[in-house]
Amino acid sequence: MVRRVTIKKKEWFTDDIFGLEIYLPDIDPQPGQFFQVRVSTTYDPFLNRPISVASYKGGTMLMIIRVLGRGTKILSQKEAGEDLRVLGPFGKGLRVKKKKSLLIAGGIGVAPLLFLAQKMHGKRIEFDFVYGAKREKDLIKKSHILQIAKHAIFVTEQDRGKMTVLGALDMLDVESYDIAYACGPKTMLIELQKLNLPIPVYAFCEDFLGCGCGLCLGCAIMYKGEYKRICEDGPVFELKGISFDE
Amino acid sequence: MVRRVTIKKKEWFTDDIFGLEIYLPDIDPQPGQFFQVRVSTTYDPFLNRPISVASYKGGTMLMIIRVLGRGTKILSQKEAGEDLRVLGPFGKGLRVKKKKSLLIAGGIGVAPLLFLAQKMHGKRIEFDFVYGAKREKDLIKKSHILQIAKHAIFVTEQDRGKMTVLGALDMLDVESYDIAYACGPKTMLIELQKLNLPIPVYAFCEDFLGCGCGLCLGCAIMYKGEYKRICEDGPVFELKGISFDE
Amino acid sequence: MMKLFGITFKNRVFIASGVFGFGLKYKKVSNRVGAIFTKGITLEPRKGNAPPRVFETASGLINWVGLENPGVEKFCKDILPKMKKLRTRIFVNVAGSEVIDYERIVERIGGQVDGFELNISCPNVKKGGVAFGQDPKIAASVVARARTKTKLPLIVKLTPNFCDPLRIAKVCIGAGADGISLINTLYGMVYDIERKKPLITGGLSGPAIKPFALYCVNRLRGLGVPIIGMGGIMTGQDAYEFLLAGASAVAIGSAILRDPYAPLQIIKELKKYPPPPSSPSERGRIKEGEKKEYK
Amino acid sequence: MMKLFGITFKNRVFIASGVFGFGLKYKKVSNRVGAIFTKGITLEPRKGNAPPRVFETASGLINWVGLENPGVEKFCKDILPKMKKLRTRIFVNVAGSEVIDYERIVERIGGQVDGFELNISCPNVKKGGVAFGQDPKIAASVVARARTKTKLPLIVKLTPNFCDPLRIAKVCIGAGADGISLINTLYGMVYDIERKKPLITGGLSGPAIKPFALYCVNRLRGLGVPIIGMGGIMTGQDAYEFLLAGASAVAIGSAILRDPYAPLQIIKELKKYPPPPSSPSERGRIKEGEKKEYK
Ligand SMILES: Cc1cc2nc3c(=O)[nH]c(=O)nc-3n(C[C@H](O)[C@H](O)[C@H](O)COP(=O)(O)OP(=O)(O)OC[C@H]3O[C@@H](n4cnc5c(N)ncnc54)[C@H](O)[C@@H]3O)c2cc1C
Ligand SMILES: Cc1cc2nc3c(=O)[nH]c(=O)nc-3n(C[C@H](O)[C@H](O)[C@H](O)COP(=O)(O)OP(=O)(O)OC[C@H]3O[C@@H](n4cnc5c(N)ncnc54)[C@H](O)[C@@H]3O)c2cc1C
Ligand SMILES: Cc1cc2nc3c(=O)[nH]c(=O)nc-3n(C[C@H](O)[C@H](O)[C@H](O)COP(=O)(O)O)c2cc1C
Ligand SMILES: Cc1cc2nc3c(=O)[nH]c(=O)nc-3n(C[C@H](O)[C@H](O)[C@H](O)COP(=O)(O)O)c2cc1C
Ligand code: FES
Ligand code: FES
C-alpha cells in the first residue's frame, strides 16, 4: 500500500547527497531493507526508486539519497513539509549476527550500512567501518561513524594518494573479522569479489528495479547458478555466490 | 524561446483560482495575448498550458489560473521563488478601440478581460463590466473592477436568484454600447451568440491548444466558413462569425 | 458480479500476466480482483533473460524478462495447489516455443483452473512468442490444437506489433478461441549511448501505450467474443475507457509495478461509473447451460 | 555538414512534417536545421478535420489534424516562393487520397525543392494515408509512379501501424525510393467518458512512442538507403540514440509543440557526442557525380 507521509526534515550532506526524514511509526525495518519511493504523481518518471533505510529510531526514518539521474533529481527538489509517497519496507532484512564485523562502504553505499551500524551499535556488536569516496567532502556522517564504530578508516581517491576502499583493506588484518558487509558501486563489488577475502562477505546490491516487491522478475541477479530477485531474495547476497557478468 | 522566470508572488483568490506574478520586462503584451506555460520538466503532462495575460504593469505580469485538470493542478502547487518556464506572448493582440465598451466575463474568463479593462482604463476608455460566476466567492478582483469600470454588475447563479451573465444583459441597454468583449465558457459564448446583440461582440476563445503559436494546426475554430487557428489567428474572434458546432 | 464465458467473476478488473507472479504474495489483492492471469508458463522451466530486464521510459517501461518460470510440472505441483486457495478466477498464461507446447501445457493443467490465456504475443523470447501471433496460420493452429484439449474458456492474447490484431483475432475465433485479450507489449528499444549498442530490447508497456491499446480494443469490438482490454490502465477512468471501447473486462499490468494495490483502487474508482453498455458478446460462444462444466 | 542522397545538409537534425507549417514563422530555426519537411501537401486544398484536433496523452499527444493544407497549386504559388528564401533544405511531404495524386503533386512541384517525402502513413484521412502504407503493392506503386516524375531524392514515410515497415521499406526501395523516414504516428484513441464515445481518434506521437520508434529504425538499418528517424525525440541524447540505431538523420516532431526552438537545442546537444558510426548507406542510391542535378 502506498503510504503518504510528510517530509519532516530535509538536509543536504554534500552538493549531491541529501537526506529525507519521514515519520513511519508502525514498522520495524531491518538493515538491507528499503522503500520504493514515488518520484512523481504523474506518469513520468514512471517507476518508484528504491532507497535504503539509513536510520530508524523512534518511528523516524532517514533516507540518504545521491542525485544520480532524473528521478533522484526530482526527489532532491522536495522540501520539508511536502508529501512523499513510499511503499515498503521491502527486501529480506538482514539478521544482525553477534560477530566481529567489518563494514565496507563505497560512495552512497554507505546509506544501508549506516543503518546496519546503528543496529549493531544498539546490540553492542563490535565493528570496524571502512568508507571510501571520490572526494573528502563526499564522505558523509563521519563523526557519527567515528562515534559508533570501533575503528573507522576513511579514504578518498582524490586526497590521500588515490586510496580506494579496497586498497584500505590491505592495511587491515581481514582474518581478524568474522564477517564483512559491503555496499558500493558494482565495480567495487566486482573488485572486492576478486580479492577473495577469507571471511564471508555479504554484499548489498543496488540496482535498477521494477516493482521492488518480488512480482515482476525485473531485477535478476545470477546467484549460485540461478537468477534471484534482488528486491525479494536480497538485496543482500553472499558476495562469492554472485556472478556479475550474467 | 522558452523563458525561465522566477515566480515573484503567488496568491490564492478562491479555493481554486490563484494568481502567479512574474517579471518579464522586455515585452509589450496586448489584451487577448497569452503565454504557453510549461507544466512539467518531465514529459507528463506533455503540452504547455495557455494562460492569458491578466495584468501587466512595469514589467510585472499577472496570470490568473483556475484549477481545472491535472496541468493547472500542478501549476497551483508552485510557490513564490520557484521557477516557471513560459513561452510567449502569443496570439494576435487586440487593438483597443476608443469606443464605449461592454465587457462580459463568465468564470475564469475574467482573466483576459481584466487586462483589457486595465488597458482601457489606462487610455481612459469608458466601459461597463458584467461578471458572473457560480458562487459569490468565485468572483475575484471585485473591488478592482469597481474601481476602474464605469459600472459593474456582478451576478452569481447561486445567490441572486440564479442570475447568469446573459440574464444580466437584459437589465442593460445594450444598444447604448459601441462594442462588447466576452470571455467565458463555451456554453456562455454559444448562448451569447444566440442573443444576437445589436453591437459587434468580440469573443475571447479559450480552448485546448497544441503548440500555441500557429505551427501545428491543432486548435481549429470554424470562423466565417473556414478553419482558423485559435492561437495565431485569435484568440479573439468576432462572435457572430464563429460556428461552434463544426 | 458479472458473467463472461458463462462463469461469474467478482468484477471486471483482472490482473495481467507477468506483473503479479502467481498472486500469492498480495493475497488481499488477489482475493478481490475478478481474475488473475499467471506469469507465462512454458513446458520446461526457463531461467529468463540476463539483466537489465526492466528499463523505464517516458510514462512507461520496457521489460525483457523472458518468461522466467518454473515450467508446467513444477507449476502444477508446487504453485497451483496454493493458487487454488485464492478466492478469485485463475487463468494460466500459456507460452510456447513450439506450436505443440500450448496444447501440452493446457492438457497437463487440465481442469484445475478457470481458463487459459494463450500467449502468442511475447516479444521477449527467441522462439515462438510474438512470431506466432503475427502469423495467422500459426495463430490459428495454436488455438485449434489447444481447443482439442480443453473445454475451459480459451482466451488468446494478441500482439499489435507489425500485424493487424483484427485479422489474427478473426482466425483465432474461427479456430475456437472464446475470447481475446490485448494488447501485449509493443516492441521497444533503448540504446546505450556510451557503449553504442542496445541497452535493452523488449516489450513496451504502461500509460505511454494506452491510446494505442484503446484503439486496438475498439477495433476488435463486435467480433462476438469478450475482449479483455489492457495497456496502460492506471485508474478507474482508464479502465472505463476500455470498457466503453468494447472490452468486457480489463487487466492491470504495469500499474502494479508502481503499486501492488493498484487494482483495488481501480475497482473502487470504477464503481463511480455507470455500468458500461453491455454487449451481447459478453457470454461469448459459451452458453449459459454449459456453465456447470467449469467448477 | 553532412551528405545524404549526394547533397549536403547543415546537420542531421531535420524538422518533421506537420509541426512547423512551412518554416516561415520561426525563420531563425528554419535556417539552422538540416532540412524542413513541409506540412503534408495534397492535390486539392483540404480544410482539415473538426476539432478537437490535439489531445494530450501520457508523455505524448494524439493529433487528428487531417492534413489541413492549401493544396499544391496555392502551395506552389504563395508559399514555395517564400520557402525558397530559407537557408535550409526543403522536402515536400506529399499526401494523396488516390495513388495518382502523389505523382501529380511531385510533377507539379518539379525541381523547385530539394526532395520529396511520400506520406503513405497518415492515420488521419479517410482515403489513402496509412492504408497505402500498409499495403506493399500500393506502397510500391506510389513510389514507382512518383519516381518517374522526379530525379530528386524521394523519401518514403512509413507507418508502423499493423504492418511490418521492413517489408514495406523493401518494396519501396525496390520501386525506387532513395530513403526511408519513420515512424509516422501510431494509432491512438481517447474515449469521452461522459458522452460514451470516442473523443479523439488519431495519431499518437511524442516521447511515449520513442522506444517503439527506435526499434523500428533499428529494424530497418542496413537496407542500403538512408533512414530519417523520428518519434519522440526531445533531446540530443534521444537524437543520438536514433543515429546509433541506424538513422542517418533525425526529424523533430512533437518536441516543437513544447518549444519551437527545440531543434536548435537538440543540434547543440548533439554536438557533444562523437559522430555516429557512418554507414555506407548514407549516400543511398544517388552517386556523388549526380549531385549537381540538385541545385
Ligand atoms: C535495494 C536498493 C537500495 C538502494 N538504496 C539507495 C540509497 O539508500 N540511496 C541512494 O542514493 N541510492 C540507493 N539505491 C540506488 C537508487 O535506487 C538509484 O540511484 C536510483 O534509482 C536512480 O534513479 P534516478 O532516477 O536518479 O536515475 P535514472 O535516471 O533512472 O538512471 C540514471 C542512469 O542510469 C541508467 N539506467 C537507468 N535504468 C537502468 C537500467 N535498468 N539498467 C541500466 N542502466 C540504467 C540511465 O540510462 C541513466 O543514465 C538503491 C538501489 C537498490 C536496488
Ligand atoms: C488563449 C487561451 C487563454 C487562456 N487563458 C486562461 C487563463 O488566463 N486562466 C485560466 O485559468 N485558463 C485559461 N485558459 C484555459 C486553460 O488553458 C485550460 O484551463 C488549461 O489548459 C487546462 O489544463 P489542465 O491541465 O488543468 O486540464 P486538462 O487536465 O488538460 O483537461 C481538463 C479536462 O478537459 C478535457 N480535455 C483536455 N484536453 C481536451 C481537448 N483537447 N478537447 C476536449 N477536452 C479536453 C480532459 O479530458 C479533462 O477532463 C486559456 C486557454 C486559451 C486557449
Ligand atoms: C514485467 C512484465 C512482465 C510481463 N510478462 C508477461 C507474460 O509473462 N505473459 C504475457 O502474456 N504478458 C506479459 N506481460 C504483458 C502484460 O501482461 C500486458 O499485456 C502489458 O504489459 C500491457 O499492459 P500494461 O500497459 O498495463 O502493463 C508482461 C508485462 C510486464 C510489464
Ligand atoms: C500535429 C502533428 C501534425 C503532423 N502532420 C503530419 C503530416 O502532415 N505529414 C506527415 O507525414 N506526418 C505528420 N505528422 C507526424 C510527424 O511528422 C512525425 O512522424 C510523428 O509525429 C512522430 O514524431 P514525434 O514523436 O517527434 O512527433 C504530424 C505530427 C503531429 C504531432
Ligand atoms: S523489481 Fe520486480 S521482482 Fe524485483
Ligand atoms: S495550437 Fe498549434 S496551431 Fe494553434
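So that the names make sense, note that chain A is the first sequence line, chain B the second, and so on, each numbered from 1.
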Options L264(C), V19(C), T57(C), ranked by heavy-atom pairs under 4.5 Å with chain A, top entry: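 Heavy-atom pair counts peak at V19(C).
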Backbone of R258(C) reached by a side-chain donor or acceptor of R38(A) within 3.5 Å: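 Here the side-chain-to-backbone pair exists.
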Neighbours of chain A found in residues 21-41 of chain C - heavy atoms under 4.5 Å: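 The stretch touches chain A at G21(C), K25(C), Y26(C), K39(C).
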Residues 59-68 of chain C: residues contacting chain A (heavy atom under 4.5 Å, by number):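 Residues of residues 59-68 of chain C touching chain A at under 4.5 Å: S59(C), G60(C), L61(C), V65(C), E68(C).
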For D44(A) against A58(C), the heavy-atom pair lying closest together: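 What the structure gives for the nearest pair is OD1-CA, 3.6 Å.
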Proximity breakdown for L87(A) and chain C, heavy-atom pairs closer than 4.5 Å: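 L87(A) touches chain C through side-chain heavy atoms alone.
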Contacting moiety of R229(A), where chain C heavy atoms sit under 4.5 Å: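 Neither part; nothing is under 4.5 Å.
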Enclosure of K186(A) NZ (heavy-atom neighbours >12, cutoff 6.0 Å):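 Incorrect, the count does not exceed 12.
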Note, Y227(A) side chain near R53(C) side chain (heavy atom, < 4.5 Å):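 Touching, per the 4.5 Å side-chain cut-off.
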Pairwise side-chain contact, P51(C) with F208(A), heavy-atom cut-off 4.5 Å (strictly under):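 SC-SC contact between P51(C) and F208(A) ruled out.
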Among T42(A), I221(A), L215(A), L209(A), residue most engaged with chain C (heavy-atom pairs, under 4.5 Å):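 Heavy-atom pairs under 4.5 Å are most numerous for L215(A).
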Rounded distance (nearest 0.5 Å) linking atom SG of C211(A) with atom CG of D259(C):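 Result: 11.5 Å between the selected atoms.
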